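Structure first, then comments.
None of these values were measured; they are calculated from a predicted model. In what follows, residues are counted from 1 in the order of the sequence shown.
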Amino acid sequence: QVQLIESGGGLVQAGASLRLSCAASGRAISSYFMGWFRQAPGKEREFVVGISWSGDSTSLPNSVKGRFTISSDNAKRTVYLQMNSLKREDTAVYYCAVQTSSGSCWYAPNYDYWGQGTQVTVSS
């Protein structure tokens, strides 16, 4: 089993920054892939970005490209999502997840473990 705990969400004004953290515990996950997703009210869960523990990250969707950055600290078993220049449309619950098998990293059902989510609300 893998446990994931997200933190760092909150209510901010447009243009502000937030850094989300996802701390992993449980079985060894050094060969797994970590992804960040978000889900806005009434919308499907959307892939934001992912990273392997070797440090290889995926491309980002145009909606967040140039504003969001993913990084990891293997010693702390923690993945971070740095979000800058936040916009109202970034408002969502943000989830981190672990993928243990092959398959598209963009597809939520391919992930085996999920955190509880952290709310990010951006006001104008």
Original post:
Closest heavy-atom contact between Leu60 and Lys65?
Top reply: O-CE, 3.1 Å

Subject >> Considering all heavy atoms, the nearest Ser52-Ser72 contact >> reply: O-OG, 4.4 Å

Original post:
Just wondering, do Cys22 and Met34 contact through their side chains at under 4.5 Å, heavy atoms?
Top reply: yes

Original post:
In a check of side-chain contact (heavy atoms from CB on, under 4.5 Å) between Phe33 and each of Val98, Thr100, Thr58, which one passes?
Top reply: Thr58

Original post:
Of all heavy-atom pairs between Ala40 and Ala92, which one has the smallest distance, and what is that distance?
Top reply: N-CB, 3.8 Å

**OP:** Any chance you could lay out the side-chain contact (heavy atoms from CB on, under 4.5 Å) test for Gln82 and Ser71, step after step, and finish with the verdict?
**Re:** CA-CA 8 Å; Gln82 179 67 42; Ser71 61; over 6 Å; no

Original post:
Rounded to the nearest 0.5 Å, how far apart are CZ of Arg19 and OG1 of Thr69?
Top reply: 11.5 Å

Subject >> Within the 6.0 Å centroid threshold, strictly below: Tyr111 and Phe37 >> reply: yes

Original post:
Is there side-chain contact between Leu86 and Gln13, with heavy atoms separated by less than 4.5 Å?
Top reply: no

**OP:** For side-chain contact (heavy atoms from CB on, under 4.5 Å), just list the numbers for Leu81 and Arg38, CA-CA rounded to whole Å, side-chain angles, deciding distance to a tenth of an Å, and then say yes or no.
**Re:** CA-CA 12 Å; Leu81 181 64; Arg38 66 184 183 182; over 6 Å; no

**OP:** Indicate the atoms forming the closest heavy-atom contact of Ser85 with Ser17, along with that distance.
**Re:** N-OG, 4.2 Å

Original post:
Tyr80 and Tyr94: same hydrophobic cluster, using ILVMFWY side-chain contacts below 4.5 Å?
Top reply: no

**OP:** Quick one: do Arg67 and Asp90 satisfy side-chain contact (heavy atoms from CB on, under 4.5 Å)? Show the steps, please.
**Re:** CA-CA 11 Å; Arg67 300 188 297 120; Asp90 295 320; 2.7 Å; yes

**OP:** Determine yes or no for a side-chain-to-main-chain donor-acceptor pair under 3.5 angstrom, with Gln116 supplying the side chain and Glu6 the backbone.
**Re:** yes

**OP:** Can you measure from CD1 (Ile5) to OG (Ser25) and round to the nearest 0.5 angstrom?
**Re:** 6.0 Å

**OP:** Check the pair Tyr95 / Leu4 against side-chain contact (heavy atoms from CB on, under 4.5 Å), numbers first and verdict last.
**Re:** CA-CA 9 Å; Tyr95 299 90; Leu4 302 172; over 6 Å; no

**OP:** Looking only at non-hydrogen atoms, find the nearest pair between Asn110 and Gln99 and report the distance.
**Re:** O-CG, 3.3 Å

**OP:** Specify the closest pair of heavy atoms between Ser21 and Thr78, including all atoms of both residues, with the distance to one decimal.
**Re:** CB-CG2, 4.2 Å

**OP:** Measure the shortest side-chain to side-chain distance between Phe68 and Val49 over non-hydrogen atoms and say whether it is less than 4.5 angstrom.
**Re:** no

Original post:
Are any side-chain N or O atoms of Thr118 and backbone N or O atoms of Ser7, one a donor and one an acceptor, separated by less than 3.5 Å?
Top reply: no

Original post:
Does Arg45 reach the side chain of Trp114, with side-chain heavy atoms less than 4.5 Å apart?
Top reply: yes

